[in-house]
Amino acid sequence: MSGRKETVLDLAKFVDKGVQVKLTGGRQVTGTLKGYDQLLNLVLDEAVEFLRDADDPLKTTDQTRSLGLIICRGTAVMLVSPTDGTDEIANPFIEADGA
């Protein structure tokens, strides 16, 4: 057994590709993954943050702000997903107004 720790995620396939990152506290950013380490610290370039709704801080809005080159601390990272190949769909669990 090697004494080396391996990360659960294989982020090598996402380097230089677009990723979406959700952070603790509700923040959500997208950008190009430039690097990472075994602690899941991420380096994102051309990062854009999706601003939260003032009335409901758990919801994000269509408003964004450009952050540029950022480092996401691994302890704050909750989710990492590719931006290519994902589409947003309507929530099937919300009932229609007339129902």
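- For Lys34, the salt bridge (Lys or Arg N to Asp or Glu O under 4.0 Å) partners are Asp16, not counting sequence neighbours.
- Applying the salt bridge (charged side-chain N to carboxylate O under 4.0 Å, His left out) rule to pairs touching residues 67-76 yields nothing, sequence neighbours excluded.
- With sequence neighbours excluded, the residues forming a salt bridge (Lys or Arg N to Asp or Glu O under 4.0 Å) with Arg27 are Glu49, listed by chain and number.
- The hydrophobic cluster containing Ile70 also contains Leu40, counting ILVMFWY residues as joined when their side-chain heavy atoms lie under 4.5 angstrom apart, directly or transitively.
- The side chain to side chain contact (heavy atoms under 4.5 Å, CB included) check on Thr24 picks up Ala76, Met78, with sequence neighbours excluded.
- In the hydrophobic clustering of this structure, Val80 groups with Leu67; members are Ile, Leu, Val, Met, Phe, Trp, Tyr whose side-chain heavy atoms approach within less than 4.5 Å, directly or through other members.
- The side chain to side chain contact (heavy atoms under 4.5 Å, CB included) test applied to Glu46 returns Thr32, not counting sequence neighbours.
- Once rounded to the nearest 0.5 Å, the distance linking CG of Leu79 with CG of Leu23 reads 9.5 Å.
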Give the intermediate values and the outcome of side-chain contact (heavy atoms from CB on, under 4.5 Å) for residues Val29 and Val48. CA-CA 5 Å; Val29 295; Val48 175; over 6 Å; no

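- Here the side chain of Thr61 pairs a donor or acceptor atom with the backbone of Leu51 at under 3.5 angstrom.
- Residues Val43 and Val77 fall into different hydrophobic clusters, defined by Ile, Leu, Val, Met, Phe, Trp and Tyr side chains chained together at heavy-atom separations under 4.5 Å.
- The backbone N or O of Ala12 lies less than 3.5 Å from a partner atom in the side chain of Tyr36, making a donor-acceptor pair.
- For the atom pair NZ of Lys22 and CZ of Phe50, the computed distance is 10.5 Å after rounding to the nearest 0.5 Å.
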Would you please test Val21 and Thr30 for side-chain contact (heavy atoms from CB on, under 4.5 Å) and show each step? CA-CA 6 Å; Val21 179; Thr30 61; over 6 Å; no

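- Remark: Leu39 pairs with Asp37, Asn41 by the side chain to side chain contact (heavy atoms under 4.5 Å, CB included) rule, at least two apart or across chains.
- Within 6.0 Å of CG in Asn91 there are more than 12 heavy atoms belonging to other residues, nucleotides or ligands.
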From CA spacing to verdict: side-chain contact (heavy atoms from CB on, under 4.5 Å), Val19, Ser81: CA-CA 5 Å; Val19 292; Ser81 67; over 6 Å; no

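- Thr83 places a side-chain N or O within donor-acceptor distance of the main-chain N or O of Gly18, the cut-off being under 3.5 Å.
- Open room surrounds CD1 on Ile71; 12 or fewer heavy atoms of other groups in view lie less than 6.0 Å from it.
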